[in-house]
There are 2 protein chains.
Amino acid sequence: MSHETVPAHAPLDLERFLPYRLSILSNTVSQSIAADYQDRFELSMTEWRVMTILARFPEISAREVVDRSRMDKVAVSRAVARLVDAGRVDRGIHGSDKRRSVLKLSDAGWAIHDEVAPRARQHERDVLEKLDEEERVWLDRILDKLMG
Amino acid sequence: MSHETVPAHAPLDLERFLPYRLSILSNTVSQSIAADYQDRFELSMTEWRVMTILARFPEISAREVVDRSRMDKVAVSRAVARLVDAGRVDRGIHGSDKRRSVLKLSDAGWAIHDEVAPRARQHERDVLEKLDEEERVWLDRILDKLMG
DNA sequence: TGCAATTGGTTACAGATGAAACTATAAGGT
DNA sequence: ACCTTATAGTTTCATCTGTAACCAATTGCA
């Protein structure tokens, strides 16, 4: 029998590693929703997110979309450009500050929003249905604390 | 006063929408860990994940890495190629099936693993510290149910 | 007023990603 | 043995993404 000279490696158990589990879960859920509207409307996830922000806060600037969504500035710029291009968002210019855009959903944009939003909500319900009411309350509270 | 002809839009509240919250949380957590090793070792997240799998299951094929990690086949192929290139993983060929690779961490690979793994675990603890013990138990249980 | 620093937004580039096509080997059925 | 099908892994291509550089309008202040 020999002395232990090699340090014992301590491999991570990826399956139980929180960041990994979150990443898998998040991707699975987001992908299943995105799959639903990407083909039907040629709408990327970023574009959809911008649309939901504009649905809730009409007439805001791209900057405000960034602030409200934690999305990347460049990503928002590109998404808005495509949405304007597709006639789904109307872009105006702020009266007193010519740098600022003023964005809102067009009628076509609203039509898509009104079709996609309920389906997205349904997906969320499908996921949450795996939990009982007590677990849903805890999850909500835990996410708030983790993201605080 | 007029009849209500326009249907009431029902915008999603992105801030409270589960898939969105998961996505933000997951990105925040994973990014903060990845930032730690990406610069110091020029190691991508995919490569690091492959390394953790090989640490736990030495002498497996790329296929088994895919199965155990839910990662994309192509992503694994590329990550392994880079790791082999960098001398962090040794690639052999399976005796009775020449298609199959046999992968394991090299000494250099283990050295990196042994430095990164504890730091990754520390990051996980940092995140979980925002919760009390009861919440941690619930979170674990909830993730299991959602991912079941 | 004039000029440096800031801010809103876009562009350019470099790296990451995923679907599909491809190569090579193996397995299965006749 | 022969031929079809399946599997391991790589390559290709088109798209996405993030960082940094950039432009134009605005603000702050000497």
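Chain naming here is simple, since letters A, B, ... match the order of the sequence lines and numbering starts at 1 in each.
The distance between atom CG of Asp97(B) and atom C1' of dA6(D), rounded to the nearest whole Å, is 12 Å. In this entry the distance linking CZ of Arg70(B) with C1' of dG18(C) reads 18 Å, nearest Å. Distance, His94(B) NE2 to dT7(D) P: 16 Å, rounded to whole Å. Atom NZ of Lys98(A) and atom C1' of dT6(C) are 18 Å apart (whole Å). Remark: P of dG15(C) and CG of Leu43(B) are 16 Å apart, rounded to the nearest angstrom. Atom-to-atom, CG of Asp67(B) to P of dT7(D) comes out at 11 Å; the value is rounded to the nearest Å. Rounded to an integer number of Å, the gap from CZ of Arg82(A) to C1' of dT17(D) is 11 Å. Distance Ile93(A) CD1 to dT26(D) C1': 15 Å, rounded to the nearest Å.
At a threshold of 4.0 angstrom between heavy atoms, the contacts of Asp72(A) include nucleobase atoms, whether or not backbone atoms are also involved. Contact annotation for Ser44(A): no contact, since no heavy-atom pair falls under 4.0 Å across all strands.
Arg63(A) and Asp67(A) are joined by a salt bridge, as a carboxylate oxygen and a charged side-chain nitrogen come within less than 4.0 angstrom of each other.
Under the 6.0 Å distance and 45° angle rule, Arg49(B) does not count as a cation-pi partner of Tyr20(A).
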Output one line per pair: protein atom, nucleotide atom from nucleotides 9-12 of chain D, and distance, for all N/O pairs under 3.5 Å.
from    : atom 1 : to        : atom 2 : distance (Å)
dG9(D)  : OP1    : Ala62(B)  : N      : 3.4
dG9(D)  : OP1    : Ser101(B) : N      : 2.6
dG9(D)  : OP1    : Ser101(B) : OG     : 2.5
dG9(D)  : OP2    : Ala62(B)  : N      : 3.3
dG9(D)  : OP2    : Arg63(B)  : N      : 2.5
dG9(D)  : N7     : Lys73(B)  : NZ     : 3.0
dG9(D)  : O6     : Lys73(B)  : NZ     : 3.0
dT10(D) : OP1    : Arg91(B)  : NH1    : 2.6
dT10(D) : OP2    : Ser77(B)  : OG     : 2.6

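Under a 3.5 Å cut-off, the side chain of Arg136(A) and the backbone N or O of Leu131(A) do form a donor-acceptor pair.
Note that the CZ atom of Arg56(B) and the CE atom of Met51(B) stand 15.5 Å from one another [nearest 0.5 Å].
Between the side chains of Gln122(B) and Arg125(B), at least one donor N or O lies within less than 3.5 Å of an accepting N or O.
In this structure, Trp48(B) and Tyr37(B) have tilted ring planes: the angle between them lies in the 30° to 60° band.
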